[in-house]
**Student:** 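Quick one: this structure, given as structure tokens, is what I'll be asking you about.
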Amino acid sequence: MAPQPVVTGLSPKEGPPGTRVIIRGEFLGTRVQDLIGLKICGSDCLLSAEWKSPNKIIARTGPAKGKGDIIVTTLSGGVGTSTVQFRAYHETIGPLKESAVWIEESPSQNFAWGRRTLAQSGLTQEDPLGLSIEGNEQKIPEDLRDLFPDACGDLSQEHFSPSWFLLENHLATSFEDLKAGLAYLKRKVESQKEGQLSFLKSNAGSVIDQLDTLMNIRDKLQEDVKLHGNEQLNVLEASIENSISESQKIFTDVLVRKEKADSTRSVLFALSRHKFLFCLPNSVDRRAKTGEYDIVVNDYSRAKNLFGKTEIPIFRKVLEEVDHRILSIRKQLHEKVVKMPQSVEQQKKLIKALTSLELQQSGTPIGDKLRNIDPAWDAIEARAKYLEATFRQTFEQHASKETTSGQEKSKSRDPSQTPSRVNFCEELCDIAASQLPDLWRLGQLYFTGELRGPHDPKPGDFKRMVLTAIEKFCVYLRLAILIAADQRALRQTSGLSWPIGSASATHQFLPWIPQCLRYTRIAYASLISLDLPSEALDIIQKLIDEVRLFCFSIIFKRATDRCKKLSTHETWELGVEEYPGATLLPAALEALLIETLDEVQTVCMQPEAREGNLLEPQSDGQREVTQRLQEFLSAFSGVIEELAFHSHDEETPTHNVSQLLGFPNAQQPDSVAGSGGVGGGAAAVTWEQRMLCCLANYAYCNKSFFQHLGEIFVRYGYPLPTLAIETARYTVNQLFTNLLEEYVEHKGDPLVGTIEPSMYLGRFQWDHEMEIGQLRPYAHECCDNLVGVYSEIYSISPALLRPILESIVQTISEELARLMSCVQRFSFTGAIQAHVDIRLLRDALEGYVNETAKNYFMEALEAINPPLSGEQKRKADEILERVKRNMRLQLLCFGVKDP
């Protein structure tokens, strides 16, 4: 690592912000990139730093003040030190003030003097001795301010010190050069003492401008003398006095006219006031007919304020007439307030007018006739009744349409036509979204006091009114939407029922239920913004949760119906790596489930504002999810069962006695398992291949597929439907067992049935002496048939080998034990032959022999009578080893190693 940077010299040592400073020292960096930091008096100056050499850096000072160190930081040496300090100060610099800072980017502007422009002067003052300071690297180490506390080295200052100047700028200048500089300074001073002529020569432009100005002033003065004479001030004084007298006359005239106007206005006002009173009865009638009730209120209030306490009989008589007219107007207003439909603003305007008129007439015999009427509350009741009547009218209208369309059975219904239930839901939600907020806003205006008069509020009645309206709204929607629910209780409580249409009409309505849910949610959102009480909103939330759950049920029922049709899409293509033999049918079910869950998530399961979670533990939603998934998976299990036994009844398999060249009970298939499928080309898939694929599908579903479907539910935010999955797995296990028994019976019975006929073919008898050395034909045939079954299973699904072959081998061993026990006596060679045949079958099928089969094989060997002697056992072992070597290919099929 290089040594730390050291700053030993600085030029200049003081200055304002922006001063160009030359920094000298040692180890100031090896290259430009090595300089990573520069601080002058604590201010970061790296941005303006210009690296010259390891001993020199040029930079400009920042916005600092006071004395401080110069700290250089390099990448190679780290943070350095300083032996000198820089003094920063703030000073205002103008164009006429000398400065020690030269800012190249902002050259000084030219200053115009008279007719010519002076040459541009730099901000840096030239050396007065005419000597160059370049090369004077040597600087005095002491601070000159400490040596000359009351002086400075600035030529423009009063306390300029020549010693400071020489020490700062010419410390290394020779004495001869200083003498030459002194001579230069003397010549320069002498040249400036040439007198006034020299001054005029250098400032000729300014002098000429001054002369021109004086001449212009003289010309203007002569023109004024010609126009106004020598006494201009007297003329001006006379004009001012004339203006003052004229303005006084104008003011007096205006004041007189104002007094006349005020008196005239007073007279007209008095006439107008009395005219207003006499015209008021007709005026209020006319304004009431045009609906200008605010003017009626204002005029009546004005009349009461002006003439309410008058004792003049004519005025009292007119006021009584006006009171009668106002009473009639109040009755009309009350009729209009309770008349529907109308907007809240219109009702608000009428109520305010009616309340104002009531307050102004209170305390009078005429005004007390309608004292018990509360117009705001009557308006609220009228609006609530109108809302309920609108609900019922809309329901009856669309219900009658449903009845009419149901009676017209001869006409075919257009599937694209929107059902009446959907139109009813849309219209009912629009009514609720528009009129319920109006009812609530009107009630709020009443209870906040804006519309309430002298009557007491009725908050309990209003709350019951709102709850009743919302309950009616939800009852109508339940009757229209929840077609599969038990509506008996609704009919008993409401006395209403939606007509029961045809099955096709009901089926056509089911896809529209998400649309009805959207209409309900829109209405619910408009009511949430009203800040209704939770008790009211909970009623609609409960309905929405029921409709959401019903949507879920309908969507999954539709998916279940589609699942039942998956059998038509089965291509018998094998494509499951986890379980060979399984077809792409589970993948089609998974795609259908994901599509269904996406639809459910979009339509109903994703809760919106202030909606509940349908998947709460032990809730109806969770039970519904379990039930629908269980139906869905049960339908899929039924699809596999249908595929397994499809067209099986059409096949008429015949049981051949010997089928060494083909599969039992099956035609020789032209299509073997090709690449990715059971059948190749246009050849048909055999029933045995279909059965094996279905067994593989069942096993795959039980092993991992149904659990994978449960994980898909979890990925969509549902709880793991363990009950539905376990129920489906139990069903699959039952169907797998039944199908396995069917396949084993189909394959094993013909195979076992050939053993006895083949054993006694050609009138063979076990008690006769025979030529031994190889297997009997029945054992060969049994092995070959098992090899055929093995190859058929292995080509489809090797995982099914054990469950199928174990059952078949058990049946074979049982049949051999039965046949051996029926033989009365064995000859010497017959016993050896039987022992070889049974042992070979047992050893060849060892991998598929269960405990029951082992016991049957042992029973068959023990049935050989008399038991084998030592010589017979040695002979049997020799023959068995020779036979195994000859049949090594067949034995390899069953996994038996070479003998």
Side-chain angles (χ1 to χ4, degrees), residues 261-383 385 442-443 445-458:
D262 289 342
S263 61
T264 304
R265 189 179 298 109
S266 298
V267 174
L268 292 175
F269 178 74
L271 294 175
S272 175
R273 182 174 59 181
H274 294 84
K275 181 181 178 181
F276 161 74
L277 178 62
F278 291 120
C279 295
L280 187 58
N282 293 331
S283 175
V284 294
D285 285 344
R286 185 173 64 254
R287 296 295 186 181
K289 290 180 180 179
T290 57
E292 299 173 337
Y293 296 104
D294 52 348
I295 300 178
V296 172
V297 172
N298 291 334
D299 290 347
Y300 184 63
S301 175
R302 180 184 173 192
K304 296 288 285 185
N305 291 332
L306 293 176
F307 305 101
K309 298 180 180 181
T310 183
E311 298 297 334
I312 301 175
I314 187 64
F315 289 170
R316 298 299 303 173
K317 183 176 181 181
V318 174
L319 280 178
E320 289 179 2
E321 178 65 22
V322 172
D323 287 338
H324 284 288
R325 301 286 180 93
I326 292 298
L327 183 61
S328 176
I329 292 173
R330 285 175 60 189
K331 293 180 180 179
Q332 296 175 9
L333 281 174
H334 188 270
E335 293 176 357
K336 290 186 177 181
V337 163
V338 298
K339 184 179 180 181
M340 298 297 295
Q342 61 178 319
S343 64
V344 175
E345 294 300 323
Q346 181 66 21
Q347 274 188 315
K348 178 180 175 182
K349 179 180 178 182
L350 296 175
I351 292 170
K352 285 186 175 181
L354 189 55
T355 304
S356 298
L357 293 177
E358 179 184 358
L359 291 175
Q360 292 173 10
Q361 279 194 330
S362 61
T364 62
I366 296 178
D368 293 340
K369 293 182 179 181
L370 299 177
R371 182 175 56 185
N372 296 327
I373 295 178
D374 189 353
W377 182 253
D378 293 342
I380 293 173
E381 286 185 335
R383 184 168 288 276
K385 292 178 181 178
L442 190 61
L445 292 174
Y446 175 73
F447 288 107
T448 55
E450 185 175 350
L451 297 181
R452 189 174 71 245
H455 306 278
D456 295 331
K458 305 174 183 177

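What's counted below: heavy atoms across the whole structure, side chains too, no hydrogens, waters or symmetry copies.
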**Student:** How close do Ala288 and Tyr293 get, heavy atom to heavy atom, and via which atoms?
**Tutor:**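 Residues Ala288 and Tyr293, closest heavy atoms: O-OH, 3.4 Å.
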
**Student:** Parallel, tilted or perpendicular: which describes the rings of Trp377 and Phe447, with under 30° parallel and over 60° perpendicular?
**Tutor:**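 Judged by the thresholds at 30° and 60°, the geometry between Trp377 and Phe447 is perpendicular.
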
**Student:** Write down the atom of Pro375, the atom of Thr355, and the distance for their closest heavy-atom approach.
**Tutor:**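 Heavy atoms of Pro375 and Thr355 come nearest at CG-OG1, 3.9 Å.
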
**Student:** Go through Glu381 and Lys385 one step at a time and tell me if the salt bridge (Lys or Arg N to Asp or Glu O under 4.0 Å) criterion holds.
**Tutor:** CA-CA 6 Å; Glu381 286 185 335; Lys385 292 178 181 178; 5.1 Å; no

**Student:** Is the backbone of Gln342 close enough, under 3.5 Å, to the side chain of Gln347 for a donor and an acceptor to pair up by distance?
**Tutor:**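 Here the side-chain-to-backbone pair does not exist.
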
**Student:** Using every non-hydrogen atom in the two residues, find where Leu350 and Lys336 come nearest and quote the distance to one decimal.
**Tutor:**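 Reported closest heavy-atom pair: CD1-CB, 3.8 Å.
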
**Student:** So which atom in Gly443 and which in Ile380 form the shortest heavy-atom distance, rounded to 0.1 Å?
**Tutor:**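 That would be CA-CD1, 3.8 Å.
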
**Student:** With the threshold set at 4.0 Å, does a side-chain nitrogen-carboxylate oxygen contact exist between Arg325 and Glu321?
**Tutor:**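 Salt bridge flag = yes for Glu321 with Arg325.
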
**Student:** Is there side-chain contact between Val297 and Lys352, with at least one heavy-atom pair below 4.5 Å?
**Tutor:**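 Sidechains of Lys352 and Val297: no contact.
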
**Student:** Once rounded to the nearest 0.5 Å, what's the spacing between atom NZ of Lys348 and atom CG of Leu445?
**Tutor:**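 If we round to the nearest 0.5 Å, Lys348:NZ and Leu445:CG are 5.5 Å apart.
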
**Student:** Ile351 versus Leu442: any side-chain heavy-atom pair under 4.5 Å?
**Tutor:**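 With C-beta onward as the side chain, the pair touches.
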
**Student:** Once side chain to side chain donor-acceptor pair (under 3.5 Å) is applied, do any residues pair with Gln332, and if so which ones, sequence neighbours excluded?
**Tutor:**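 Listed in chain order: nothing, the list is empty.
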
**Student:** Within a strict 4.5 Å, meaning less than it, do heavy atoms of the Leu333 and Ile329 side chains meet?
**Tutor:**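 Leu333 reaches Ile329 side chain to side chain.
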
**Student:** Taking side chain to side chain donor-acceptor pair (under 3.5 Å) as the test, write out the residues that go with Asn298, two or more places apart.
**Tutor:**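 Once residues adjacent in sequence are excluded, Asn298 has no partner under the side chain to side chain donor-acceptor pair (under 3.5 Å) criterion.
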
**Student:** Are the side chain of Ser328 and the backbone of His324 linked by a donor-acceptor contact shorter than 3.5 Å?
**Tutor:**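 Such a contact is absent between Ser328 side chain and His324 backbone.
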
**Student:** Working to the nearest 0.5 Å, report the span between NZ of Lys331 and CG of Leu354.
**Tutor:**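 Those atoms lie 12.5 Å apart.
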
